Amino acid sequence: MSKTVSRFAPSPTGFLHIGGARTALFAWLLARSEGGEFVLRIEDTDRERSTKEAIDAIIDAMSWLGLEHDGEIVFQSKNADRHNQVIDQLIESGHAYYCDCSKEKVDAMRESAMKEGRKPKYDGTCRERNLGPGEDRVVRLKAPQSGSTGFRDMVKGPISVENSELDDMILRRSDGTPTYNLAVVVDDHDMGVTRVLRGDDHVNNTPRQILIYNAMNWDVPEFGHVPMILGPDKKKLSKRHGALSVMEYEKMGYLPEAVINYLARLGWSHGDQELFTREELIKYFNPEGLGNSPSVFDLTKFEWVNSQYMQQADPERIADLVMDFLAREVGEEEAAKVDREYVVKVVPLLQPRAKSIVDMLEQSRVFLVDVSHLHYEEKAVKKFLTSEAKAMLEELLVRFEAEEKLTHDSVEAILKGYVTEKGLKFKDVGQPVRTAVSGGAPSPGLYDMLPVLGKAQTVARIKRAIEL
RNA sequence: GUCCCCAUCGUCUAGCCCGGUCCAGGACGACGGCCUUUCACGCCGUUAACGGGGGUUCAAAUCCCCCUGGGGACGCCA
C-alpha cells in the first residue's frame with residue numbers, strides 16, 4: 001500500500017470561500033489522518049480569470065486555518081509542456097485523434113441531439129479520419145463507445161456511467177493548450193496523488209478522467225466527492241448567495257479553530273461528538289464519516305461553536321486579538337495607548353459573554369473608557385440611581401476608599417456586609433453599584449469587575465454617579 | 001431533454017451497509033425553569049423528524065421498486 005497523497009486544487013478566480021475551505025479541510029484531514037501528504041496545486045490555466053491576488057488570498061486563508069501543505073505549491077500553468085507531451089503520447093498510442101469539426105458544427109450536433117432527447121455529445125465524425133495536426137484542429141480522446149466506467153466513491157459508494165453517455169472530450173484546444181480534464185489527470189498522476197477528495201460538482205468528470213488514466217495505463221486514484229454547502233434558503237452557497245470568504249470570518253472576529261470545527265461537523269460526524277481539537281479531528285477523521293447529502297450553513301450554530309472556543313481560549317491570546325482589532329479600528333497609535341496587561345485582566349470576565357472578538361472588543365469598552373467618557377443609560381439611571389441609592393453609594397464609597405486594594409473578597413465583604421447591616425436585599429445595593437460603575441449596560445459580576453477596574457476608577461465612577 | 005447524485009427534528013447529525021435493542025439518540029435554536037446584582041456562562045426540562053406509495057418479511061428509518069422533491073453535470077471553463 002503506497003502512502004496516501006491527497007490534494008487541494010483550487011482555481012484562483014476569487015477568494016477561498018467557506019465551501020472550498022471545507023473541501024480543503026477534508027482533503028487535509030484525509031492526508032493527516034493517514035500520515036500521508038497534502039499537496040496544493042493552483043489550477044491557474046484559465047489565464048483570463050486567474051489572478052495573483054486570488055492566489056495570495058487562497059494561501060492566506062489556508063494558512064489562517066492552519067491547513068499547511070507539504071512540498072512546493074504546484075502551478076498547473078507551468079506544466080503545459082508535460083500535458084502536451086502526454087497528449088502526443090495518446091495520439092501515438094491511438095487513444096486520441098485530431099478533429100477539425102468547428103465549434104459551430106459541434107454545437108449544432110448537441111442541439112439536435114438534445115431535441116431528439118438524446119445526450120448532447122460530439123458524434124465522433126473524425127474518429128477514424130486519421131487527421132494530422134493542423135490549423136484550428138483539436139485533439140480528442142478516442143473514448144470507448146460501449147461498456148461502462150465506474151468507480152467506488154469514498155463518500156457516495158459505487159458510481160457507474162455508461163460509456164455511451166460520454167463523448168470524445170477535447171484534450172487539446174485549437175490554440176494548442178490542454179484542457180482541464182487532461183491537465184488534472186496528468187498533474188494528479190505526476191504528483192503521485194492517491195486519493196482525490198473534491199467537490200460534488202466533479203462527480204460527472206470522474207468517469208471521463210478515469211478514461212484518460214486507462215488510456216495512459218496509469219493507476220487510478222481513489223475518488224471521493226463531498227456534497228456542497230447550502231445557504232439558509234437551501235440554495236447552493238455562492239458568492240452572490242452569502243458564501244463569504246473565510247477571511248471575512250476572520251474579520252468578524254471568529255477563531256480559526258472554530259471555523260475548522262464547525263466546517264468539519266458540517267457534513268462529517270463522529271458519533272455524537274460536537275467539539276473536536278485539531279488532534280482529535282486528525283485521529284478520528286475517516287471518509288466513511290462523511291455525509292452524502294448537502295448541508296445548510298447555520299450561522300447560529302457556528303456562533304455557538306465559536307463561543308465555546310472563546311471561553312476555552314488563553315486570555316493572553318484573546319487579549320492580543322482584541323488589541324489587534326482595536327488597532328484596526330482606531331489605528332495603531334491610539335491602540336498603543338491601551339495597556340495590554342489591563343486587557344489581559346479584562347478578557348476572562350468577558351470570555352463567557354462574547355460571541356466573537358469583535359463582540360468582546362465592544363463589551364470591553366466599559367472597561368477601557370475613562371470615567372469622564374463613561375456613558376450612563378438614562379433608563380438605568382432613573383431606575384437605580386435614586387436619591388436613596390445615591391445615599392447608599394455615599395456610604396459605600398467611604399468603605400471602598402478605606403480599602404487599600406479592591407479584591408474579589410474585599411468587594412464581596414463590603415457589599416455583603418453593608419447589605420446585612422442595613423437589612424437590605426442584595427439586589428437593592430448591587431444594581432445601583434453596577435449602574436454606577438458600568439453606566440447601566442450588562443456587565444460581569446461586581447466581585448470580578450471592581451477589582452479589574454481598580455480602586456481609583458471604581459471610586460471615581462461612583463462619585464460621578466452620585467453627581468448625576 | 002439525457003445522465004449522475006441526494007432525501008431522518010427549523011438546522012447540523014446518530015442510526016441505515018450487518019432489518020428487531022428506535023413509540024428514533026445527540027447538538028444548535030426556540031420555549032420553560034434553576035442559579036443570580038444585570039447580562040452571559042452553567043445546569044435541568046419541553047418542543048420537533050424517518051417525503052409519498054407499493055412491495056419483501058413474523059418484524060423496515062433500515063432491504064427492493066415506483067413517484068415526488070432537491071441538487072449537479074452535459075463547454076475548445078475550471
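Protein chains get the first letters and strands the later ones, always in sequence-line order, with residue 1 at the start of each. Remember, predicted model here, so these are calculated numbers, not experimental data.
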message = Less than 6.0 angstrom separating the ring centers of A/Tyr309 and A/Tyr254, yes or no?
response = no
query = Does the side chain of A/Arg173 get closer than 4.0 angstrom to OP1 or OP2 of B/rA78 through an N or O atom?
reply = yes
message = Classify A/Gln311 by what it touches in the nucleic acid, base, sugar-phosphate, or nothing, heavy-atom distance under 4.0 Å.
response = sugar-phosphate
ask   = So does A/Gln308 get a side-chain nitrogen or oxygen closer than 4.0 Å to the phosphate oxygens (OP1/OP2) of B/rG42?
value = yes
task = Compare side-chain N and O positions of A/Asn292 against OP1 and OP2 of B/rA7 and report whether any pair is under 4.0 Å apart.
result = yes
task = Classify the nucleic acid contact of A/Asn205 as base, sugar-phosphate or nothing, counting any heavy atom under 4.0 Å across all strands shown.
result = base
request  = Could you tell me whether A/Val296 contacts a base, only the sugar-phosphate backbone, or nothing, with contacts defined as non-hydrogen atoms closer than 4.0 Å?
outcome  = sugar-phosphate
task = Sorted by first residue and then second, give each side chain to side chain donor-acceptor pair (under 3.5 Å) pair with at least one member in residues 74-83 of chain A; sequence neighbours left out.
result = A/Glu43-A/Gln76, A/Asp44-A/Ser77, A/Gln76-A/Asp187, A/Arg82-A/Asp190, A/His83-A/Asp187
inquiry  = Any base atoms under 4.0 Å from A/Met228, or only sugar-phosphate, or nothing? Heavy atoms, all strands.
reply    = sugar-phosphate
task = Return the 5'-most residue of the pair A/Arg265, A/Lys115 with respect to RNA chain B, ranking by each residue's nearest nucleotide.
result = A/Lys115
Nucleotide opposite B/rA73 in a Watson-Crick or G-U pair, distances under 3.5 Å = B/rU2
task = For A/His202 and B/rA78, say yes or no: do the ring centres fall under 5.5 Å of each other while the ring planes differ by less than 30°?
result = yes
ask   = So what does A/Glu165 touch, heavy atoms closer than 4.0 Å: a base, only the sugar-phosphate, or nothing?
value = sugar-phosphate
ask   = A/Thr179 side chain N/O closer than 4.0 Å to the phosphate oxygens (OP1, OP2) of B/rC76?
value = no
ask   = Side-chain N or O of A/Thr300 less than 4.0 angstrom from OP1 or OP2 on B/rC28?
value = no
message = What's A/Ser160 touching, base or sugar-phosphate or nothing? Going by heavy atoms closer than 4.0 Å.
response = sugar-phosphate
key: Comparing A/Glu162 and A/Ser269 on RNA chain B - which has the more 5′ nearest nucleotide   = A/Glu162
note = Taken to the nearest whole Å, CG/A/Asp153 to C1'/B/rC5 is 9 Å
query = Contact class for A/Arg49 vs. all strands (heavy atom < 4.0 Å): base, sugar-phosphate, or nothing?
reply = base
message = Between A/Leu182 and A/Ile170, is there a side-chain heavy-atom distance shorter than 4.5 Å?
response = no
query = Within the pair A/Ser307 and B/rA40, is there a side-chain N or O less than 4.0 Å away from OP1 or OP2?
reply = no
request  = Would you indicate, yes or no, if B/rU11 has its OP1 or OP2 atom less than 4.0 angstrom from a side-chain nitrogen or oxygen of A/Lys234?
outcome  = yes
ask   = Parallel under 30°, tilted from 30 to 60°, perpendicular over 60°: which one fits the rings of A/Phe26 and A/Phe285?
value = parallel
key: Listed partners of A/Arg127 passing side-chain contact (heavy atoms from CB on, under 4.5 Å), at least two apart   = A/Tyr97, A/Lys142, A/Gln145, A/Asp168
